[in-house]
Amino acid sequence: MKFVDEVRIFVKAGDGGNGSVSFRREKYIERGGPNGGDGGNGGSVVFVADPQLTTLLDYRYQQHHRAKNGEHGMGSDCNGRAAEDMVLKVPVGTLVKDAHTEELLVDLSEDGQRWVAAKGGRGGLGNMNFATSTRQTPRFAQDGTKGEELTLRLELKLLADVGLLGFPNAGKSTFISRVSRARPKVADYPFTTLVPNLGMVQYKDGLSFVMADIPGIIEGASEGVGLGHQFLRHVERCKVLIHLIDMGAEGEGRAPLHDFDVLNAELGKYSPELASKPQVVAANKLDLPDAQARLEGFTEALRARGIRVYPVSCATGEGMQPLMDSVAEVLFTGRTEKLHVEIPAKAARAGKAKAKAAEKKAPARKAGAAAAARSATKTSAAAKKAVTKKAPARKAGAATKTSAAAKKAPARKAGAAAKTSAVRKVGTAAAKKAATKTAPARKSGTAPVKKSAAKKASASKSGASGKATAKKASASKRGSSGKAGAKKSSAATKRAPARKSGGGRS
């Protein structure tokens with residue numbers, strides 16, 4: 001049977017049946033009233049986890065699944081029949097996701113677990129449901145609702161307790177065939193296993209667990225080399241991982257320690273959580289001539305890391321029981337003491353020395369970076385100082401120019417202020433004198449008219465002469481602006497009383 005672990009399907013639930021519009025028509029019965037029945041509900045699409053299935057092959061070729069619709073209502077108060085649900089059986093461990101949003105909808109990880117993917121439509125009501133005392137002949141009914149439809153992606157993750165990992169042709173299929181009744185294909189060429197295999201291991205005292213064998217992982221599997229690393233999803237649920245190392249591997253760049261490091265690196269690239277699971281390291285193919293020579297160096301290298309190595313031979317069964325005991329202890333009790341060994345003193349010292357060297361290198365690098373940062377700050381500060389030195393010099397020159405202009409401006413302002421103040425003082429004095437002269441003129445209202453005419457003539461002559469003299473004085477002596485202003489103001493004040501007094505007499 002072909003193994004398929006990922007498919008894309010379309011499911012649609014059935015539509016509900018429509019309600020019926022019917023009236024009772026019988027002999028000798030008048031106005032029997034409405035008797036239309038309701039429509040039936042549509043069928044739903046339900047997924048059920050079946051432990052007898054191990055592949056999604058059935059859904060590879062049948063991708064559209066539609067449930068039946070409900071029957072329509074009928075007369076004589078007959079309701080339509082509801083459609084049966086469509087049950088889709090999938091293997092235990094199937095993930096159902098939305099194909100458009102990649103949202104995980106359900107994880108069918110238990111035997112017999114059911115999940116309704118698409119709910120069927122509801123049947124419509126017949127016209128007998130709408131009859132009232134005021135509406136006794138309803139001529140309408142309700143239509144059924146549509147069923148749900150979805151596009152889903154099914155992804156299978158096999159439920160196994162122990163996972164077998166290793167390079168191609170490392171002996172994984174032989175291992176699972178020896179400890180269980182699984183009979184996968186075994187051959188002497190790489191990538192013999194193309195699909196995962198499950199085997200039920202019968203342990204002591206009636207205990208049992210499931211072991212999964214997946215295709216080989218090589219360097220670059222995360223980038224698509226070989227069969228890729230998509231099969232690692234089938235060991236994500238495992239509680240223990242067995243790293244099967246080929247001690248008789250031949251080829252360029254192949255060495256037991258290198259293979260172990262590559263396996264862990266590929267696990268880390270796929271999922272850090274998967275790489276952190278308990279690991280049991282088994283050195284396989286001890287029946288080969290060169291395996292014993294490589295075993296000592298490999299064991300010492302992993303002992304320096306605190307990891308125990310279990311030497312086994314899947315072909316002869318040598319060392320299988322201690323390995324299975326350790327796996328069962330980790331699986332059923334959770335204790336991992338047997339998977340670790342005490343690190344030798346030399347290895348511990350070497351590790352501490354490396355750690356100290358790394359710590360020394362790190363402060364040196366930090367100090368270099370700090371020195372570079374300080375030099376950069378110093379250069380930036382020097383540049384700022386140079387810019388600030390140039391700027392004050394320019395500012396000082398501009399300040400001297402502005403101060404000189406300011407000194408000149410106050411001098412001019414002071415001269416103008418002195419002139420205006422002198423003019424204002426002279427004007428006020430002349431105004432006071434004019435006020436003192438106008439007062440007697442107003443009082444002398446009883447004087448004869450001839451005297452006023454004479455005074456007007458004299459005032460006009462004196463005003464003309466005052467104007468001429470004032471103009472000559474201003475033309476000759478412009479510097480003495482205060483005196484000219486005083487003369488003008490006095491002449492103006494003399495003119496005003498003479499006119500006012502004359503006007504009062506007339």
Query - Arg153 vs Glu102, salt bridge (Lys or Arg N to Asp or Glu O under 4.0 Å): CA-CA, chis, key distance, verdict - result: CA-CA 8 Å; Arg153 187 168 68 86; Glu102 292 298 325; 2.6 Å; yes

Requested in this report: Measure across Ala315 and Thr174 and return the closest heavy-atom pair with its distance rounded to 0.1 Å.
Outcome: N-CG2, 4.5 Å

Query raised in the report: Looking at Phe130 and Ala141, what are the two nearest heavy atoms and their distance?
Result: CE1-CA, 4.3 Å

Is it the case that more than 12 heavy atoms not belonging to [X] sit under 6.0 Å from its [atom1] atom?
{"X": "Gln321", "atom1": "CD", "result": "yes"}
{"X": "Arg294", "atom1": "CZ", "result": "yes"}
{"X": "Arg308", "atom1": "CZ", "result": "yes"}

Would you say the side-chain atoms of [X] pair up with the backbone N or O of [Y], donor to acceptor, closer than 3.5 Å?
{"X": "Asp205", "Y": "Leu207", "value": "no"}
{"X": "Asn79", "Y": "Gly37", "value": "no"}
{"X": "Gln63", "Y": "Arg60", "value": "yes"}
{"X": "Asn69", "Y": "Asp15", "value": "yes"}
{"X": "Glu71", "Y": "Gly40", "value": "no"}
{"X": "Asn129", "Y": "Gly126", "value": "yes"}
{"X": "Asp85", "Y": "Ser44", "value": "yes"}
{"X": "Asn18", "Y": "Gly144", "value": "yes"}
{"X": "Glu266", "Y": "Glu219", "value": "no"}
{"X": "Arg181", "Y": "Gly199", "value": "no"}

Do [X] and [Y] touch side chain to side chain, with heavy atoms closer than 4.5 Å?
{"X": "Ile245", "Y": "Met247", "result": "yes"}
{"X": "Val106", "Y": "Gln113", "result": "yes"}
{"X": "Val312", "Y": "Arg178", "result": "no"}
{"X": "Tyr59", "Y": "Val90", "result": "yes"}
{"X": "Lys172", "Y": "Thr193", "result": "no"}
{"X": "Leu232", "Y": "Ser271", "result": "no"}
{"X": "Val96", "Y": "Leu154", "result": "yes"}
{"X": "Phe175", "Y": "Asn284", "result": "no"}

Requested in this report: Mind telling me whether Phe10 and His64 have parallel, tilted or perpendicular rings, with 30° and 60° as the class edges?
Outcome: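 His64 vs Phe10 ring planes: tilted.
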
Report summary line: Asp290 meets the side chain to side chain donor-acceptor pair (under 3.5 Å) criterion, sequence neighbours left out, with none

Requested in this report: Provide the full list of salt bridge (Lys or Arg N to Asp or Glu O under 4.0 Å) pairs with a residue in residues 222-241, sequence neighbours left out, each pair given once.
Outcome: Asp5-Arg233, Glu6-Arg233, Asp107-Arg237, Glu155-Arg233, Lys157-Glu236

Requested in this report: If a pair satisfies salt bridge (Lys or Arg N to Asp or Glu O under 4.0 Å) and one of its residues is in residues 319-341, list it, with sequence neighbours excluded.
Outcome: Lys204-Asp325, Glu329-Arg335, Glu329-Lys338

Requested in this report: Could you go through the side-chain contact (heavy atoms from CB on, under 4.5 Å) check for Cys238 and Val162 one step at a time?
Outcome: CA-CA 5 Å; Cys238 296; Val162 181; 5.8 Å; no

Query raised in the report: Roughly how far, to the nearest 0.5 Å, is the CD atom of Glu300 from the CG atom of Leu257?
Result: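 Reported to 0.5 Å precision, the distance equals 12.5 Å.
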
